[in-house]
Amino acid sequence: MGRLFAVCLFLLLIGTIGYLAGDRYGVPAWLADSVDPMFEPVDTHLGYSDRVVIAKAGKDTEEERLALAAKTRDDLPNPAMRINEAGLDIIKQSEGLRLEAYDYGGRSYIGYGHQLAPGEPRSISEPQATAFLLEDLREAEHGVLRRLTRTPNANQFSAMVSLAYNLGTGAFARSNVPRLFNEGDMQGAADAFLTHNRAGGRVLDHLTDRREKERALFLTPA
């Protein structure tokens, strides 16, 4: 009985660490992957689950991938709400363009921070990188819209999509940014961007720079 209690306590501790660390930073990939299933039932119940599966079979050419990205973004709850060029620029500048696959935290990435799935190419062109980004942003756009009870302007929405893409939609949902925005506290929501500048418990300059750009975009009249 004591051993069972110890195991349960250990799993609870691991799950709590994974939950607080967020979706993309703070813990190794194997740990994040192992604790994600523990929170899926809760996240689904609370509306935090935004796992979107996009079929890629037979979509290997640049033209087909770009067409798929454009098509799948058209079925947003509010199709008019899409990340604008200013938001895209923040993501592209912050993520950086890598045309060859690279490993980070036990996972493989390419393009503008796209996590490679089995069978996807490890060497791509810039148009393919943009197509990957558009596909990935569909989940972030959905995730942001599902958390909002007020209508944002284009810059507010785009800044939040950039944040959600960086943190993951689950961590975005737990952020004070959407909560304060929904309460009508725009200044508070803008300032809340700046709290998401840590990884592994440390403040990182590149995250601080990104959060300041997102905050500035959020506060820019549209």
Side-chain angles (χ1 to χ4, degrees), residues 12-36 38-39 43 46 48 50 83-84 86-98 101-116 129 132-133 136-137 139-141 143-144 147-148 152 155-183 185-220:
L12 179 61
L13 176 61
I14 291 178
T16 301
I17 293 173
Y19 181 83
L20 294 176
D23 296 342
R24 296 188 67 183
Y25 296 102
V27 294
W30 66 265
L31 179 55
D33 290 341
S34 66
V35 301
D36 274 352
M38 300 172 60
F39 285 93
D43 284 352
L46 295 177
Y48 289 170
D50 286 295
I83 191 168
N84 60 19
L88 278 174
D89 286 343
I90 291 175
I91 293 174
K92 288 183 174 182
Q93 293 169 11
S94 301
E95 297 288 346
L97 176 60
R98 303 280 291 273
Y102 62 97
D103 294 329
Y104 179 79
R107 294 171 177 160
S108 293
Y109 297 88
I110 202 168
Y112 297 105
H114 171 74
Q115 185 179 329
L116 278 174
F132 275 136
L133 179 58
D136 295 340
L137 284 173
E139 180 177 352
E141 288 167 332
V144 170
R147 271 61 179 195
L148 303 184
N155 287 333
Q156 292 168 339
F157 176 71
S158 298
M160 287 189 279
V161 170
S162 177
L163 179 64
Y165 179 69
N166 187 222
L167 299 182
T169 55
F172 173 80
R174 299 187 290 270
S175 166
N176 283 328
V177 173
R179 180 181 66 81
L180 292 171
F181 175 83
N182 290 335
E183 292 175 0
D185 184 357
M186 301 306 160
Q187 187 63 53
D191 293 340
F193 277 87
L194 303 180
T195 65
H196 298 287
N197 65 344
R198 295 175 179 268
R202 297 185 299 113
V203 173
L204 300 183
D205 290 341
H206 76 274
L207 289 180
T208 299
D209 180 65
R210 179 169 181 164
R211 297 292 91 87
E212 289 174 349
K213 291 178 180 177
E214 290 165 347
R215 178 181 180 276
L217 177 61
F218 183 90
L219 291 173
T220 300

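Just so it is clear, the values below take in all heavy atoms, side chains as well, and ignore hydrogens, waters and symmetry mates.
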- Task: Might you work through the side chain to side chain contact (heavy atoms under 4.5 Å, CB included) test for R198 and L204, ending with a clear yes or no?
- Result: CA-CA 6 Å; R198 295 175 179 268; L204 300 183; over 6 Å; no
- Task: Would you name the heavy atoms of I110 and Y102 that are closest together and state the gap between them?
- Result: N-CE2, 4.0 Å
- Taking the side chain as every heavy atom from C-beta outward, state whether H114 and Y109 have any pair of such atoms under 4.5 Å apart. no
- Distance-only polar pair, side chains of S175 and H196, donor-acceptor under 3.5 Å: yes
- Query: Yes or no on side chain to side chain contact (heavy atoms under 4.5 Å, CB included) for Q156 and L219, after CA distance, side-chain angles and deciding distance?
  - Reply: CA-CA 7 Å; Q156 292 168 339; L219 291 173; over 6 Å; no
- Query: So, do R211 and T208 sit near enough that their side-chain heavy atoms are less than 4.5 Å apart?
  - Reply: no
- State, with a plain yes or no, whether a side-chain heavy atom of N166 is found less than 4.5 Å away from one of L207. yes
- Less than 4.5 Å apart, any side-chain heavy atom of Y165 and any of L133? yes
- Message: Using the side-chain contact (heavy atoms from CB on, under 4.5 Å) criterion, which residues pair with D191? Sequence neighbours excluded.
- Response: Q187, R215
- Item | Heavy-atom closest contact (L148 atom, V144 atom, distance) | CG-O, 3.2 Å
- Query: Is there side-chain contact between L180 and E183, with at least one heavy-atom pair below 4.5 Å?
  - Reply: yes
- Is the gap between the ring centers of F218 and F193 under 6.0 Å? yes
- Query: Quick one: does L137's side chain get under 4.5 Å of L88's, heavy atoms only?
  - Reply: yes
- Item | Side chain E141, main chain V161, donor-acceptor under 3.5 Å | no
- Quick one: do the S158 and N84 side chains pair a donor with an acceptor below 3.5 Å? yes
- Query: Would you say the side chain of M160 lies within less than 4.5 Å of the side chain of R147, judging by non-hydrogen atoms?
  - Reply: no
- Message: Taking the side chain as everything from C-beta on, heavy atoms only, tell me whether P178 gets closer than 4.5 Å to F172.
- Response: yes
- Item | Nearest-0.5 Å distance, NZ of residue K92 to OG of residue S162 | 12.5 Å
- No-hydrogen, no-angle side-chain donor-acceptor test under 3.5 Å, R210 and N197: no
- Note on the structure: Shortest non-hydrogen pair, L163 vs E214, comes out as N-OE2, 3.5 Å
- Query: What's the verdict on side chain to side chain contact (heavy atoms under 4.5 Å, CB included) for D136 and Q115, showing C-alpha distance, side-chain angles and the deciding distance?
  - Reply: CA-CA 9 Å; D136 295 340; Q115 185 179 329; over 6 Å; no
- More than 12 non-hydrogen atoms from neighbouring residues, nucleotides or ligands closer than 6.0 Å to CG on D103, yes or no? yes
- Query: Taking all atoms of both residues into account, what is the closest heavy-atom pair of A140 and T169, and its distance?
  - Reply: CA-CG2, 4.0 Å
